[in-house]
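Chain identifiers are assigned alphabetically (A, B, ...) following the order of the sequence lines, protein sequences preceding nucleic acid strands; residue numbering begins at 1 within each chain.
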Number of protein chains: 4
Amino acid sequence: MPDQVEQWLAELLRLNDEEEKVTEKQIKIVQAAVEIFAEKGYSATSTSEIAQKAGVAEGTIFRHYKTKQNLLIAIVTPIMEKLVAPFVIRNFQEVLNVQYEHFEDFMRAMLINRLAFTRKYAPVLKVMIHEIPFNPDLQAQFMEHVSTNVVERVRRIVVHFQAQGQIIEAPADSIVRMCASTIVGYAVTRYLLAPERDWNDDEEIDLMVRFMMHGLSLNPVR
Amino acid sequence: MPDQVEQWLAELLRLNDEEEKVTEKQIKIVQAAVEIFAEKGYSATSTSEIAQKAGVAEGTIFRHYKTKQNLLIAIVTPIMEKLVAPFVIRNFQEVLNVQYEHFEDFMRAMLINRLAFTRKYAPVLKVMIHEIPFNPDLQAQFMEHVSTNVVERVRRIVVHFQAQGQIIEAPADSIVRMCASTIVGYAVTRYLLAPERDWNDDEEIDLMVRFMMHGLSLNPVR
Amino acid sequence: MPDQVEQWLAELLRLNDEEEKVTEKQIKIVQAAVEIFAEKGYSATSTSEIAQKAGVAEGTIFRHYKTKQNLLIAIVTPIMEKLVAPFVIRNFQEVLNVQYEHFEDFMRAMLINRLAFTRKYAPVLKVMIHEIPFNPDLQAQFMEHVSTNVVERVRRIVVHFQAQGQIIEAPADSIVRMCASTIVGYAVTRYLLAPERDWNDDEEIDLMVRFMMHGLSLNPVR
Amino acid sequence: MPDQVEQWLAELLRLNDEEEKVTEKQIKIVQAAVEIFAEKGYSATSTSEIAQKAGVAEGTIFRHYKTKQNLLIAIVTPIMEKLVAPFVIRNFQEVLNVQYEHFEDFMRAMLINRLAFTRKYAPVLKVMIHEIPFNPDLQAQFMEHVSTNVVERVRRIVVHFQAQGQIIEAPADSIVRMCASTIVGYAVTRYLLAPERDWNDDEEIDLMVRFMMHGLSLNPVR
DNA sequence: TATGAATGAGCTTTCATTCAT
DNA sequence: GATGAATGAAAGCTCATTCAT
């Protein structure tokens, strides 16, 4: 029943769908930009290249986005919001309490959900990863969205399951980081580093869930 | 006794230490370049900026490195080699068999050793991470060094400990990936994302080792 | 009775008043254009800026004026005509003979009349002054209107009063130029350079008339 | 003996002659720029046009002057300083008292001196006149140099000769303005509007001096 | 009639690279 | 070896103008 998350999410997204009209040319520009940004990096991409690939005049890009850096932000912002949307849902914690009796269920749901998201937006996410460290505006966005919204909320989830005795007592930040590393490590390998490899996603997900659950279990080993 | 690794490593490095003479100006150039590359990214950095920060004339950079991209490679290559050096040692597997009876010992040794390395070369590693995806030459280097040398060798280690029944039967690649994710996730958070936070490295290392060992243990949970 | 000039002028203007209908938008465009042209100069003003200030679409400007340079000419031409209108009157010389027995009366009348005009159209006159030297079309207009019509006619007036022994024998062109300099010098200082200063126009006019009359008198000095 | 002014001036200018080294290319750039600025106006002149006329690469302009507007200022500033230099001389007033017993001598000296200057630097002065109203930096320069230094000092000269009873009692500002108008009016007509005409400078100077002296004399007319 | 999206030429400026000194 | 003036290609961006709606 993890898709329930997606349900609550839906209402949130409906707002976003009513965005200002985007012309056909704008869509082409964004598509071209994402492709080339992902391929050569933002700074190494020229606006004339984007215009050419998008099949529009260079001036058209600047009519709509004013600056090149504005185009980058216009691309990244909505994806950044969608990236954290499942965590930003109003009654996040209660939902999870009801939905996911065990930490394992929660982990699996999140894993599946966000991996699907990664598959869908892989190129934009690649651009995000590479440009956030060099772009103060994106950094601020990231700080606000991810740090404030996601890490803090997931932290509380971890504490919650720790209180229930489901997972080990250890700094919640560290636990969050290790789980995130496992998931992000898979996402990066799967969709950015070696997308051409023959992946068995179900098996990998099972393995990761087992790895994290065992890793955080209270049992002594051997 | 993990420092033994460093001993074998020494012989390897001796070759590197006998590099061609580098002038004082070259050192300043490289220092300046690394700093600015790490701060703004390779493409967004101009050679005049590097020259200014290094206190040399712009022509001097090109006298030594011919092109800007050459300078990048001159910076990254030796660090890439040092990064994988501990794995490239000739009799790697035998050494490990003797040195590390348990997978845990091996993991811990590697973790400590490579984290020290990351701390030392954090800026260059940041540049590497960001430029490898966009630079064919660096990509080739990375493929050769990391894929061929490291992953393949560590893979065999994993298989070795699987055969001994120390860790679960699962695709070795996946196990390598999950461990690498855990370590790299820490390194990135520790030295790139939040270096200013108050870190307790020993505790974190213990936690990660426990996380990985439990995660890969044969025991059923609960 | 200098307003008599204005009377003759009236007939001339009646033609101009029957101009083609100008829409409300056109007026706004011209107002905006004059303001910005006067502030930043013609070349440094963009049509989009004019459109924005006028509250119309950029296309509307081009629907009415075809080109930017056309807009400039549409602004300057009628003012240029009005500027020289008092001199262009058909029976100019006779009128003056009757009206103004003394050169001083003529000078004073002209001074007052054209200063009022300058006050009214100061911004457009500023644009004119700045663009005539760089715009062949405006140059031609200026040559025709000012040189042919004004200078030549005023020249004849000067000769007339010289013949009467009211003013010194000297090249009429030089006399015209010195009087024009005195008047234009005041107009420029008064309305362009230091409009915010506290001016006593009547006193200044008296002083200028005295300056010119003494300057051109036959009396020896001292 | 009006050239005495030039003598005192010499010492001042010697400082300026020891300017920083200007390369041959810089001179060509400035020459080309002045010519085209004077012909089409600053805003309507492109840097590529300047580069072409100067026979240098476009980049060379920016290596030396950083921005186009900087080039303008580099051209105008020294001429603005030279323009006011004769007035800025330290013991200006005393010098004049000794040198010029009569206001007429002073006027004639100034007239001849500054007209020679105008002839020499006519193109730059044209650029100055046109760009000062639209360029805040030049405006500030002009205010400081001309208002503070020139007008104020000449004002005092006028007051001095008024006290001696050589010229009429009238607002000194107005007297300064009328004399300046006469001179500038000639300079503009002579060197900018109709340089091709056949001018008799000596005669014009005599006439202007007479015009101003009579214009400011205490005698009643007629 | 009025609009404003679209254009592409041209703008100022930056850049990696060369080379005479 | 080191310099920094010079380069010209290409960058991001602006502009006057057009045209389908």
Side-chain angles (χ1 to χ4, degrees), chain A residues 21-26 28-29 43-52 54-71, chain B residues 21 23-26 29 43-52 54-71, chain C residues 21 23-26 29 43-52 54-71, chain D residues 21-26 28-29 43-52 54-71:
Chain A
K21 281 175 211 162
V22 285
T23 71
E24 202 190 327
K25 304 247 169 192
Q26 278 192 71
K28 278 187 186 169
I29 290 169
S43 286
T45 301
S46 75
T47 49
S48 79
E49 212 175 345
I50 297 171
Q52 204 175 338
V56 304
E58 212 170 341
T60 308
I61 294 177
F62 290 92
R63 163 159 286 274
H64 287 297
Y65 298 100
K66 202 71 186 154
T67 67
K68 183 188 169 192
Q69 123 123 330
N70 228 294
L71 170 60
Chain B
K21 281 175 208 161
T23 72
E24 202 188 327
K25 302 244 172 195
Q26 278 191 71
I29 290 169
S43 288
T45 300
S46 74
T47 49
S48 79
E49 211 176 347
I50 298 170
Q52 203 179 337
V56 304
E58 218 171 334
T60 310
I61 295 176
F62 288 90
R63 167 153 294 277
H64 286 297
Y65 299 98
K66 198 72 184 157
T67 67
K68 183 187 170 192
Q69 127 120 329
N70 229 294
L71 170 59
Chain C
K21 281 176 209 161
T23 71
E24 202 187 328
K25 303 244 171 195
Q26 279 191 69
I29 289 169
S43 287
T45 300
S46 74
T47 49
S48 78
E49 211 176 346
I50 297 170
Q52 203 178 338
V56 304
E58 218 172 333
T60 309
I61 295 176
F62 289 89
R63 167 152 297 276
H64 287 296
Y65 299 99
K66 199 69 186 158
T67 67
K68 183 188 171 192
Q69 128 121 329
N70 230 293
L71 170 60
Chain D
K21 280 177 212 161
V22 286
T23 72
E24 200 190 329
K25 304 245 169 195
Q26 276 191 71
K28 280 188 186 168
I29 290 169
S43 288
T45 300
S46 75
T47 49
S48 80
E49 212 175 345
I50 297 171
Q52 203 177 338
V56 304
E58 216 169 337
T60 308
I61 295 176
F62 289 91
R63 163 159 286 275
H64 288 296
Y65 298 98
K66 201 71 187 155
T67 67
K68 183 188 168 190
Q69 124 121 329
N70 229 294
L71 171 59

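Taking the side chain to side chain contact (heavy atoms under 4.5 Å, CB included) definition, one finds that T47(C) meets it with E58(C), F62(C), K68(C), sequence neighbours left out. A search for side chain to side chain contact (heavy atoms under 4.5 Å, CB included) contacts involving Q52(B) returns nothing, not counting sequence neighbours. Partners of T67(A) under the side-chain hydrogen bond (donor to acceptor under 3.5 Å, both in side chains) rule, at least two apart in sequence or in another chain, do not exist in this structure. Here Q69(C) pairs with N135(C), D137(C) under the side-chain hydrogen bond (donor to acceptor under 3.5 Å, both in side chains) rule; sequence neighbours left out.
In this structure, NE2 of H64(A) is placed 8 Å from C1' of dA6(E), rounded to the nearest angstrom. A straight line from CD of Q52(A) to P of dT7(E) spans 14 Å, rounded to a whole angstrom. The distance from atom OH of Y65(A) to atom C1' of dA6(E) is 14 Å, rounded to the nearest whole Å. One interatomic measurement links the two molecules: CD of Q26(B) to C1' of dG1(F), which rounds to 11 Å at whole-angstrom precision. Between E24(C) atom CD and dT1(E) atom P the separation is 16 Å, expressed in whole Å. dT14(E) atom C1' lies 16 Å from atom CG of N70(D), rounded to whole Å. Atom CD of E49(A) is separated from atom P of dA9(F) by 19 Å (rounded to the nearest Å). As a whole-Å value, the separation of I50(C) CD1 from dT14(F) P is 17 Å.
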*Go along nucleotides 16-21 of chain E 5' to 3' and tag each nucleotide: B for a protein heavy atom under 4.0 Å from its base, S when only backbone or sugar atoms are that close, - otherwise.*
BBB---
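At the phosphate of dA5(F), neither OP1 nor OP2 sits under 4.0 Å from any side-chain N or O atom of T23(D).
Of all the heavy atoms in A51(C) and I61(C), the pair that sits closest is N-CD1, 3.7 Å.
Base pairing in DNA chain E yields stems of at least 3 consecutive Watson-Crick or G-U pairs, both distances under 3.5 Å, namely E:2-21 with F:2-21.
For the pair K25(A) and A57(C), both in contact range of DNA chain E, the more 5′-proximal nearest nucleotide belongs to A57(C). Between T60(B) and I61(D), the one whose closest nucleotide on DNA chain F sits nearer the 5' end is T60(B).
Atom CZ of R63(B) and atom CD of Q26(B) lie 11.5 Å apart (nearest 0.5 Å).
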